[in-house]
Amino acid sequence: MKRRLLSLALCLVTLLSLTPSVAHAEVLSGFTSKVDYDNTDPNRYSIEIDLVNQVITVYDQSGNAVLQSLCTTGSDKTPTGSGKFRIGDLKERFGYFVAYGEYAQYWTQVVRGVYIHSVMYKSKKLSSMSKSAYKNLGKNVSHGCVRVLPHVAQWIYYNCPPGTLCNIVKNKAANPYLVSRLKSTIPDYSSYQQPSDSHATPSEVPATVKLNDVPVRSGFSNSKDKTVAKLNYGDHVELLQIGAEWCKVRTPAGKLGYVKTMYLTCAPDNVRTTQAYTATSKTYVYSSASRSSSTLTTIPKGKTVNVTEQAGSGWLYGSYNGVSGYMRTKYVKLTDTLLYPNPDGSYSDGTTVAATVPQSQTQTGTGSASSPSSGARVKNGIIANFRSGPGSEYGVIAELEPGTPVKIISVAGNWYFCEVNGLQGYLHPSCVAGF
């Protein structure tokens, strides 16, 4: 099948009242869609989700139903909101729900944290499909997402690109005949055949963090979402979902969560695969080749180390973060790893990028670990209050004119910790442009 790539000028999700409209925005410079779509026309199909009867229907442009099935929508405590939406940017082939500890196939974002996806799985093994989730099709018991049979989720994933209209309706008349008919088409749990998939496997795109203290969240749609990790300037992540506002990431330590897209940058064509010694689990640098010797430093999972020699059975000698000593071969292994370019185009192995990295990909990633950002400035047309703390209740230490250069150092909740002309303080992101 010919691979079709969508531009990352994807459609932002827009809440609609009467007439749907679609806003376009570049997601991340250099990226293309990870989905091998069968249809790239957002106007070819539309989706209706009937909250009364728990039925999902896909219509073509002539109004003919091309797909219809029972679904599971939000419970009374976590309802699925009604309204007209445009399918969002975020897609994931087989993903993990950080907040709930379960997996699902073929995620298609409707709006914010609401997705259409398959019923739940306990792992990435197809045999682990949840029996209770399967039997609950036709009931409103989800956390707010719309669960469907795996083959239904697969069809929507490949045929309903960002911008496709999705109408979630709460005032349909009850239709027990339709519900009964659709239920009769669902095979017993043990008889259901998982759909095969001949599409290209989506790649996990590497990206680099632009600021310090960047939170990784368990979700992005409500106040109950928790911070599961913190990232700093230069940290590398793998993107599992790519969106205009948020990306789902995997950290080197294996943590999964959501990061604001504006805190990430990447030149994916200049990331190379190389072999390096990497910690496959949390481990240590020892003072001698013995587990009973003193530990000199900790090596977090996923970090690369410098190995200079084999040091007997089960041991390597090398260094991590400038600390030399002995490491166990059980936890430090030679593996394929990604080599990221520095902002100046150089690699840690002493080589350089063959072609110049486009300016749009490097201008927001320059600087040192203590002052990572550049190019940011106070927005035109405003006087920005530069405050002593991350909140409007803190005092104003300076009033900044439009266009004043701002060096953003880190994220502090919903504020930026910045330096302006040698003075450090806090600015609200709404006051900052060029970042």
Side-chain angles (χ1 to χ4, degrees), residues 12 23 25-29 112 207-237 243-247 249 251 257-267 342-345 357-435:
L12 290 175
E26 184 177 74
V27 176
L28 282 176
S29 180
R112 298 294 291 166
T208 304
V209 179
K210 298 197 295 185
L211 291 178
N212 294 320
D213 298 323
V214 170
V216 181
R217 304 279 290 166
S218 61
F220 58 88
S221 57
N222 62 58
S223 59
K224 294 181 180 180
D225 296 324
K226 300 177 181 179
T227 297
V228 297
K230 285 287 187 76
L231 299 171
N232 290 311
Y233 172 77
D235 284 346
H236 302 135
V237 296
E245 297 181 70
W246 293 86
C247 289
V249 307
T251 72
Y258 291 86
V259 172
K260 284 189 176 181
T261 304
M262 64 190 299
Y263 300 149
L264 302 172
T265 188
C266 189
N342 297 315
D344 63 0
V357 179
Q359 179 66 17
S360 63
Q361 295 175 2
T362 60
Q363 61 185 1
T364 57
T366 58
S368 67
S370 61
S371 55
S373 74
S374 67
R377 65 187 186 282
V378 175
K379 282 185 178 179
N380 292 331
I382 67 169
I383 302 293
N385 289 326
F386 197 38
R387 296 185 180 273
S388 60
S392 56
E393 69 274 18
Y394 290 89
V396 177
I397 57 179
E399 293 184 343
L400 306 181
E401 298 287 336
T404 301
V406 175
K407 183 179 291 183
I408 303 175
I409 300 173
S410 63
V411 181
N414 294 322
W415 292 68
Y416 291 150
F417 177 57
C418 309
E419 183 176 313
V420 179
N421 296 327
L423 185 66
Q424 292 187 340
Y426 297 83
L427 280 173
H428 194 271
S430 62
C431 300
V432 179
F435 174 65

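None of these values were measured; they are calculated from a predicted model.
Rounding to the nearest 0.5 angstrom, the gap separating the CD atom in E401 from the CG atom in N380 is 11.5 Å. How far SG of C247 is from CE of M262: 12.5 Å, rounded to the nearest 0.5 Å. If you take CG on D213 and OH on Y263, they are separated by 11.0 Å, rounding to the nearest 0.5 Å. Considering CG of L427 and CZ of R387, their distance stands at 10.0 Å, rounded to 0.5 Å. Distance CG/L231 to NZ/K210: 14.0 Å, rounded to 0.5 Å. From W415, atom CH2 reaches atom CD1 of I408 across 13.0 Å, with rounding to the nearest 0.5 Å.
Of all heavy-atom pairs spanning I409 and Q424, the tightest one is CD1-NE2, 3.7 Å. Closest of all the heavy-atom pairs between I397 and G425 is CD1-CA, 4.1 Å. Across every non-hydrogen atom of A412 and Y426, the tightest pair is CB-CE2, 3.7 Å.
The side-chain contact (heavy atoms from CB on, under 4.5 Å) test with N232 singles out one residue from N212, V209, V214, L211, and that residue is N212.
The shortest side-chain heavy-atom distance between V237 and V259 does not fall under the 4.5 Å cut-off. Contact annotation: the side chain of W246 approaches that of K260 to within less than 4.5 Å [non-hydrogen atoms, C-beta and beyond]. Put simply, the side chain of I383 does not reach to within 4.5 Å of the side chain of L400, judged on heavy atoms. V432 has its side chain out of reach of K379: every pair of non-hydrogen atoms, C-beta onward, lies at least 4.5 Å apart. For the pair F220 and E245, the minimum side-chain heavy-atom distance is 4.5 Å or more. In this structure the side chain of F386 never reaches within 4.5 angstrom of the side chain of C431, judged on heavy atoms. Two residues are said to be in side-chain contact when any heavy atoms from C-beta on lie closer than 4.5 Å; Y416 and P429 meet this criterion. Within the 4.5 Å cutoff, side-chain heavy atoms of K230 are placed close to those of P215.
Remark: K226 pairs with S218 by the side-chain contact (heavy atoms from CB on, under 4.5 Å) rule, at least two apart or across chains.
In this structure, S410 contributes its side chain and F417 its backbone to no donor-acceptor pair below 3.5 Å.
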